[in-house]
Amino acid sequence: MLDIQFIRDNPSLVKDAIQKKQTGSSDLVDTILELDTSWRKAVTAHQELKTDSNAAAKQIGFLMKSGQQETAQALIQQNADMKTRLATLEDESRTLQVELENLLLEVPNVPHASVPLGRTEEDNEVVYEWGEKPVFNFTPLPHWELIEEHGLVDFDRGAKVSGAGFPFYRGLGARLQRSLIQFFLDSAARRDYTEIQPPLVINEDSARGTGQLPDKEDLMYEAKRDGLYLIPTAEVPVTNLHRDEIIAEEELPIRYCAYTPCFRREAGSHGKTVRGLNRLHQFDKVELVQFVHPDASYEALESLREDAEALLVALGLPYRRLLMSTGDMGFTQAKKYDLEVWSPGQQQWLEVSSISNFESFQARRMNIRYRPAAGGKPVVLHTLNGSGLALPRIVAALLEHYQQADGSISIPQALQPWTGFQTIGP
RNA sequence: GGAGGGGUGGCAGAGCGGUUGAAUGCACCGGUCUUGAAAACCGGCAUACCUUCGCGGGUAUCGAGGGUUCGAAUCCCUCCCCCUCCGCCA
């Protein structure tokens, strides 16, 4: 969420952000400012009365101790109505505060100046493209046919055992995916990310911290009985790792990588875009997360992006980088890139990474601050994250990209040290 | 899951109904002393919010929430977490 002080100082900027992000009416800002004024009035009134009552209590204590019971009793009588008046004022200010906080959660992050204005995904800008789309002297198959042919993933039995979108990977399919995970993690380690194995379930506070709650509860599987959610991405537990902490400035930047399965309900997804490995309820992902000094977050965004792109380059998979427009970038991000890999068997781009700078938006919700080395008050830091990378679509693109005329699939050289095999098939 | 013990500032650890945001020690920062350092001594050292042009003033916070009371870190209730023992278990 945004700092209330920032909204007080820059109401038109915030209104503008709401319009650009298409998250609702910018009247919200006026409502918030009015509420803020009445809240502050109520707080002041309550605190002033509380000052009086504290003074009276102190006085009574003093009288009691010095044996002046009667004077003390008189004072108690005199302030008999204090309690109810206090309770009324407290209720009032608390109600206003809760109302205000709820509205603050509805205000989206302000997009960075470099983000293109847009309404839909059509308005995202392709800012970079790498690699050549492969040319085949045969018709390339989509990955689900290659998978079927080589017995790499079993969708039907997954559907029997768990449901659609919960496949079994088997044999070389399982080994290929595991090798990719290992490759991604090892690459991250070389780039100074500390590996984390986080919990795969999170409590409500954590879901709120990264912005899954309120509003996006439909995204997550819920273990109602225990008040827990299955993680939709490692971003949630890993970013919450430092919730409610004050970090020494010298420790920044903090960089974490984590491999986890991710669980998403994906309610309402159907059709050919969800065929095969394109969209699953459970999928693997290596996530990169950074906690950085506010002055360094845009630099960090570019380096995080490079960390992800280096993986695609190493695998030799053609990809493009999209700079997301204001209308398509999401509620919590200030700036976001998507990386899409080319799927020759489907003749379409597949999103395999999403790389975002949240500035202080998440960190303020989570109350993550750093203590300036020069001394002074703690300052809210900046958080970023990006996939490095999401597995199933990489597997899909890799199978399709490296399929051979004889039906076999070759493994890119860079990956072979991890797989231990050079081909799948024939 | 059962029984018991406990959660206090960066850490350790007092306080167990009144003037306590909280003794003391350690750590940290500044100063005195010293050629320099150590030691010793002196001083400082939580967070959030409200208010003020500013100095400052105020409110809240002793795991979380609620209650009793003129007054709660201290008493009561609920929940969370940690430790010990028992049970179960990869």
Side-chain angles (χ1 to χ4, degrees), chain A residues 1-9 32-105 197-209 213 223-229 237 240-252 254 261 360 363-381:
Chain A
M1 63 181 184
L2 295 177
D3 188 2
I4 180 69
Q5 192 61 49
F6 179 84
I7 299 177
R8 285 173 196 154
D9 296 341
I32 284 174
L33 290 177
E34 282 164 30
L35 204 53
D36 180 49
T37 308
S38 6
W39 169 68
R40 286 197 279 178
K41 226 188 216 166
V43 165
T44 307
H46 173 240
Q47 288 184 353
E48 276 168 3
L49 188 60
K50 191 72 184 158
T51 307
D52 295 346
S53 106
N54 283 348
K58 213 172 246 188
Q59 177 77 11
I60 291 163
F62 187 79
L63 292 170
M64 294 279 215
K65 273 219 158 163
S66 58
Q68 299 171 260
Q69 312 296 355
E70 279 171 32
T71 324
Q73 283 306 327
L75 203 53
I76 291 172
Q77 292 303 322
Q78 205 179 317
N79 290 298
D81 68 326
M82 190 79 97
K83 256 182 133 162
T84 50
R85 282 163 61 211
L86 268 176
T88 309
L89 287 174
E90 189 178 1
D91 274 1
E92 195 182 325
S93 78
R94 189 177 299 192
T95 307
L96 288 168
Q97 186 178 5
V98 168
E99 218 173 307
L100 182 61
E101 274 169 8
N102 287 339
L103 287 185
L104 279 174
L105 288 176
Q197 289 186 3
L200 304 183
V201 293
I202 42 145
N203 60 28
E204 227 171 87
D205 286 343
S206 298
R208 202 182 318 278
L213 294 180
K224 257 211 168 83
R225 190 172 168 187
D226 298 295
L228 298 169
Y229 297 88
N240 274 282
L241 184 58
H242 291 298
R243 173 151 54 86
D244 292 319
E245 291 184 17
I246 299 171
I247 296 164
E249 183 174 359
E250 306 85 75
E251 285 176 47
L252 301 180
I254 297 174
S360 59
R364 185 168 296 104
R365 272 188 180 207
M366 275 182 283
N367 197 25
I368 309 177
R369 293 165 293 171
Y370 73 92
R371 166 106 45 205
K377 291 198 165 223
V379 179
V380 179
L381 49 71

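Residue numbers start from 1 in every chain, and the chains themselves are labelled A, B, ... in the order their sequence lines are given, proteins ahead of strands.
Nucleotides B:rA46 and B:rC11 are separated by 14 Å at their P atoms, to the nearest Å. Using atom C1' as the reference point in both B:rG43 and B:rA48, the two lie 27 Å apart (nearest Å). Rounded to whole Å, the separation between the C1' atoms of B:rA23 and B:rG13 comes to 10 Å. Between B:rU32 and B:rC62, the distance separating the two P atoms is 40 Å to the nearest Å. Distance check on atom P: B:rC88 versus B:rG18 gives 48 Å, rounded to whole Å. Taking the P atoms as reference points, B:rG17 lies 25 Å from B:rA12, given to the whole Å. Going from the P atom of B:rG2 to that of B:rG9 covers 29 Å, rounded to whole Å. With both ends at atom P, the span from B:rU20 to B:rC77 equals 29 Å, rounded to whole Å.
Looking at heavy atoms from C-beta onward, A:Pro261 lies in side-chain contact with A:Leu200 at the 4.5 angstrom threshold. In this structure the side chain of A:Leu33 reaches within 4.5 angstrom of the side chain of A:Arg8, judged on heavy atoms. Taking the side chain as every heavy atom from C-beta outward, A:Asp226 and A:Val201 never approach each other to under 4.5 Å.
Nearest-nucleotide positions on RNA chain B for A:Lys58 and A:Ala55 put A:Lys58 closer to the 5' end. Between A:Ile4 and A:Ala57, it is A:Ala57 whose nearest contact on RNA chain B lies nearer the 5' terminus.
Looking at heavy-atom distances under 4.0 Å, A:Lys50 makes contact with sugar-phosphate atoms alone, never a base. A:Met64 comes within contact range of at least one nucleobase, with a heavy-atom separation under 4.0 Å.
Nucleotide B:rA60 forms a pair with B:rU47, judged by Watson-Crick or G-U wobble geometry with both contacts under 3.5 Å. Nucleotide B:rG10 is matched to B:rC26 when pairs are restricted to Watson-Crick or G-U wobble geometry with both distances under 3.5 angstrom. Base pairing annotation: B:rC75 forms a Watson-Crick or G-U wobble pair with B:rG67, both donor-acceptor distances under 3.5 Å. Base pairing of B:rC85 is made with B:rG2, judged by Watson-Crick or G-U wobble geometry with both donor-acceptor distances under 3.5 Å. Nucleotide B:rA37 forms no Watson-Crick or G-U wobble pair with any nucleotide shown, as no partner meets the under 3.5 Å limit on both distances.
Counting only heavy atoms from C-beta on, A:Trp39 has its side chain closest to B:rC49 among B:rC70, B:rC49, B:rU19. Considering only side-chain atoms of A:Arg371, the nucleotide from B:rU19, B:rC50, B:rU47 that sits closest is B:rU47. You'll find that the side chain of A:Lys83 is closest to B:rU69, out of B:rG18, B:rC50, B:rU69. Nearest nucleotide to the A:Thr44 side chain, out of B:rU51, B:rA48, B:rU59: B:rU51. Set against B:rC50, B:rG71, B:rA46, the side chain of A:Val43 has B:rC50 as its closest nucleotide. Relative to the side chain of A:Arg40, the nucleotides B:rU19, B:rU51, B:rU59 differ in distance, and B:rU51 lies closest.
Residue A:Asn54 has a polar side-chain atom (N or O) positioned under 4.0 Å from OP1 or OP2 of B:rU59. When the side-chain nitrogen and oxygen atoms of A:Arg94 are compared with OP1 and OP2 of B:rG66, one or more of them lie within a distance under 4.0 Å. In this structure, A:Arg8 reaches the B:rC50 phosphate: one of its side-chain N or O atoms is under 4.0 Å from OP1 or OP2. Dashed line: the shortest gap from a side-chain N or O of A:Arg369 to OP1 or OP2 of B:rU47 is not under 4.0 Å.
Separating the CG atom of A:Asp244 from the P atom of B:rU61 is a distance of 18 Å, rounded to the nearest angstrom. In this structure, A:Gln69 places its CD atom 14 Å from P of B:rC70, rounding to the nearest Å. If you measure from atom CZ of A:Arg364 to atom C1' of B:rU47, you get 16 Å, rounded to the nearest angstrom. Rounded to whole angstrom, the span from the CG atom of A:Asn367 across to the P atom of B:rU47 amounts to 12 Å. Taking atom CZ of A:Arg243 as the reference point, atom C1' of B:rA64 lies 13 Å away to the nearest angstrom. If you take CG of A:Leu49 and P of B:rA60, they are 11 Å apart, rounded to a whole angstrom. Nucleotide B:rG71 holds its P atom 13 Å from the CD atom of A:Gln73, rounded to whole Å. A:Glu245 has its CD atom 13 Å from the C1' atom of B:rG10, to the nearest Å.
Heavy atoms of other residues, nucleotides or ligands lying less than 6.0 angstrom from CD of A:Glu249 number more than 12.
Side-chain atoms of A:Asn79 come within 3.5 Å of backbone atoms of A:Leu75 as a donor-acceptor pair (strictly under, hydrogens ignored). Side chain of A:Arg364 to backbone of A:Met1: a donor-acceptor contact under 3.5 angstrom is found.
Just one residue in the list A:Asp3, A:Asp9, A:Ile4 forms a side-chain contact (heavy atoms from CB on, under 4.5 Å) with A:Phe6, and that residue is A:Asp3.
Pairing each heavy atom of A:Tyr370 with each of A:Ile246, the nearest pair is C-CG2, 4.2 Å.
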